[in-house]
Number of protein chains: 2
Amino acid sequence: MRKPSIKDIAAAAGVSHSTVSRALRNSPLLKPETIQRIQKIAQEKGYTASAVARSLVTRRTHTIGVVVTTIADPFVAEVVSGIEQTANDHGYSVFLANSNAEPERELKVAQSFAERRVDGIIVTSSRVGALYTPMLSSLQIPIVLVNNQHPGQFVHSVMIANFEASRDATRHLIQLGHTRIAYLGDRFGYQSDTERFAGYREALDCAGIPFLPELVSHGDGKPEGGYEAMKKLLTLPEPPTAVFCYNDMSALGALKAIREAGLRVPRDISLVGFDDLFVAEYCEPPLTTVRQPRRHMGRLAAEILLKLIQGAGAEELIRVPGELILRESTAPPRSPESR
Amino acid sequence: MRKPSIKDIAAAAGVSHSTVSRALRNSPLLKPETIQRIQKIAQEKGYTASAVARSLVTRRTHTIGVVVTTIADPFVAEVVSGIEQTANDHGYSVFLANSNAEPERELKVAQSFAERRVDGIIVTSSRVGALYTPMLSSLQIPIVLVNNQHPGQFVHSVMIANFEASRDATRHLIQLGHTRIAYLGDRFGYQSDTERFAGYREALDCAGIPFLPELVSHGDGKPEGGYEAMKKLLTLPEPPTAVFCYNDMSALGALKAIREAGLRVPRDISLVGFDDLFVAEYCEPPLTTVRQPRRHMGRLAAEILLKLIQGAGAEELIRVPGELILRESTAPPRSPESR
DNA sequence: ACGGTTTCCGCAAACGTGTCCATTATAGGT
DNA sequence: ACCTATAATGGACACGTTTGCGGAAACCGT
């Protein structure tokens with residue numbers, strides 16, 4: 001049989017459905033004893049309000065749409081975890097949608113979110129395509145981006161402070177005595193890569209170390225790409241003594257390449273990653289890396305979005321500082337005097 | 001200004017709103033040219049149907065609720081990815097909710113799903129508490145469990161074939177020549193642990209290897225616990241020459257403990273994990289492990305749920321076979337003749 | 001030309017809730 | 001006792017859609 005509606009319990013209580021509606025929302029217009037009585041009946045009948053009917057009249061669904069390239073990315077998953085947590089704390093539910101970076105699917109997602117009348121949208125670290133962005137912004141719905149990969153198309157976003165973090169990471173290598181420091185980047189030209197590369201350059205410049213283009217190699221942000229890129233660096237007549245990687249995934253691949261070349265980390269080559277994924281702590285050797293406060297970033301994004309939904313203003317861009325986590329993949333170069 | 005409704009475009013087209021409704025659903029009751037005309041107008045006005053209004057009358061929300069302990073678990077994330085994919089392919093959206101295994105939050109989630117009138121629910125590998133299950137089942141909504149940790153409370157579930165998989169994994173160690181094989185389990189008494197342990201026992205029995213209780217140690221399913229459990233095994237007067245771990249996370253901790261003891265994998269001790277998480281491939285040495293087709297399991301769960309929603313019957317329990325992935329953490333024991 | 005189909009479309013009710021406005025009961029003041 | 005201010009409740013409409021039913025127009029066969 002049907003779930004009981006407000007009318008059913010109105011009949012049972014011998015009042016009008018408006019009264020029931022008010023009672024359930026603890027309206028001060030009602031006599032406290034009436035409220036008590038009605039709520040008790042509702043309880044007994046196992047009444048649960050219909051969010052869909054409510055949304056229809058209030059024009060608020062109390063849902064937010066979260067679109068990610070794939071939730072099976074540890075970075076993304078934790079961000080989403082943070083988002084979901086604060087959303088839930090504020091009575092919002094989240095729709096999760098994977099785009100898989102497929103234009104066709106992205107369209108479907110946008111369409112779906114529009115139809116479901118989500119109150120806001122969060123896009124995390126996705127390679128939002130040109131096709132995608134106008135689609136989303138035409139929805140007239142607040143949008144917040146996390147680690148946006150393309151610069152400046154949306155107003156609100158939270159990002160890691162790439163520049164400062166990678167500058168510090170590179171500086172760490174310099175302080176250890178390294179001068180031949182390579183940058184193992186990402187070839188897709190993301191904003192994060194650009195910024196991290198800039199931080200690397202900055203640290204070099206500050207230390208008066210000349211930048212050598214041959215010490216830059218590009219992977220695909222995944223172990224496979226990092227592996228290939230590292231192999232390239234190893235073929236140099238004078239390979240680097242330290243490598244700063246765009247992310248941990250790349251570093252993992254690099255690690256493999258180094259091992260296969262019969263060299264050891266950090267004895268022969270120091271390695272620094274970025275992200276502080278779970279693996280960083282448990283690979284061999286444990287990886288020195290830049291931690292991104294992923295969950296916190298998710299929370300921030302959700303908070304901003306909720307503010308926007310309330311109609312309040314919010315920060316346009318929040319830069320979250322990264323944290324350099326020192327582990328065992330970095331050490332002074334083997335023989336600094338040999339150069 | 002407001003989003004255009006069916007009435008707005010009815011006015012623009014000079015027809016009734018019912019006609020518009022039918023036109024948008026390509027009803028055969030309408031003249032094709034009328035349909036064309038109306039759809040064109042709808043297009044121009046940027047009309048998108050309101051799923052919430054539709055749900056109110058059709059009594060179907062085309063949403064499913066997915067509850068997980070935490071999405072920041074690589075296993076869970078991939079299952080969810082599979083769920084989301086097939087759900088989306090069938091026009092369903094997914095609500096994602098983390099329970100964090102907190103009873104309070106679990107209640108909120110169940111409440112939320114009930115209010116939102118989800119058409120079905122999937123619970124993945126969560127430690128569904130006693131508090132939780134009646135709450136969910138009282139919703140009178142189809143439920144499917146993935147890797148259910150408690151036996152037999154719900155009707156429909158998809159699980160990995162723990163018994164067969166761990167029997168095969170253990171058999172692999174036996175075939176390499178090991179006889180002192182330890183089981184590094186999970187102390188929380190989950191069904192998966194019980195089943196995997198049973199598979200381990202079975203392989204031993206079949207090979208005529210006596211079961212030694214001192215070769216069983218329990219972790220917490222995470223690296224920390226695996227680390228401790230392995231240390232305990234290493235203190236034995238005669239440590240095992242091979243260890244079958246409840247999961248990859250535990251194996252990672254065990255690996256660390258073995259390294260710290262100055263031993264090497266697989267030279268001194270062979271190690272087998274379970275799950276085939278991403279790290280298994282990229283740790284040192286790469287881990288021999290049992291692969292769970294996580295995404296596929298998610299897809300299966302979604303398919304079953306959709307069938308149930310359609311009112312069709314569905315398999316009560318699907319057992320998905322695991323696959324033993326041979327990498328470099330297993331080898332023959334160092335000196336089989338020394339025993 | 002006429003009754004009977006068929007085709008096409010509008011009317012109205014329904015889904016479950018929120019809320020403005022009107023109405024009635026209660027209390028408060030003289 | 002009467003008028004008024006206040007408290008408590010009900011009536012009615014709205015939100016945006018789907019859908020059964022009935023009516024009008026067009027078509028068909030004789």
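Letters A, B, ... are given to chains in the order of the sequence lines, protein chains preceding strands, and every chain is numbered from 1.
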Distance-only side-chain donor-acceptor flag, B:Ser16 / B:Thr19, under 3.5 Å: yes
To the nearest 10 degrees, what angle separates the axes at the start and end of the helix from C:dA1-D:dT30 to C:dT30-D:dA1, five pairs each? 50°
Donor-acceptor pairs under 3.5 angstrom involving side-chain atoms of residues 41-60 of chain B: please list them, not counting sequence neighbours.
residue, atom, partner, partner atom, Å
B:Glu44, OE2, B:Lys40, NZ, 3.3
B:Thr48, OG1, A:Arg117, NH1, 3.4
B:Thr48, OG1, B:Lys3, NZ, 3.2
B:Ser50, OG, B:Val52, N, 3.4
B:Ser50, OG, B:Ala53, N, 3.2
B:Ser55, OG, B:Ala51, O, 2.7
B:Ser55, OG, B:Arg60, O, 3.2
B:Thr58, OG1, B:Arg54, O, 3.0
B:Thr58, OG1, B:Arg60, N, 3.4
B:Thr58, OG1, B:Arg60, O, 3.4
B:Arg60, NH2, B:Ile309, O, 3.1

Any ring pair (Phe, Tyr, Trp, His ring centres under 6.0 Å) pairs touching residues 55-99 of chain A, not counting sequence neighbours? A:His62-A:Tyr92, A:Phe95-B:Phe95
Mind checking whether B:Arg105 and A:Gln85 have side chains closer than 4.5 Å, heavy atoms only? yes
Might you work through the side-chain hydrogen bond (donor to acceptor under 3.5 Å, both in side chains) test for A:Asn100 and A:Glu106, ending with a clear yes or no? CA-CA 8 Å; A:Asn100 296 345; A:Glu106 289 176 345; over 6 Å; no
B/S/- contact track for nucleotides 6-20 of chain C, protein heavy atom under 4.0 Å: --BBBBB--BBBBBB
Is it true that B:Ser112 and A:Ser93 share a donor-acceptor pair across their side chains at a distance under 3.5 Å? yes
Distance under 4.0 Å to a non-hydrogen atom of chain B counts as contact; along DNA chain D, which nucleotides mark the start and end? D:dG16 to D:dG20
What I want to check is whether the side chains of B:Gln191 and B:Asn162 have a donor and an acceptor closer together than 3.5 Å. no
Just by distance, with hydrogens left out, do A:Ser99 and A:Thr69 show a side-chain donor and acceptor under 3.5 Å apart? no
Check this for me: does any side-chain nitrogen of one of A:Asp8 and A:Arg2 sit under 4.0 Å from a carboxylate oxygen of the other? yes
By salt bridge (charged side-chain N to carboxylate O under 4.0 Å, His left out) - contacts of A:Arg116 (at least two apart): none
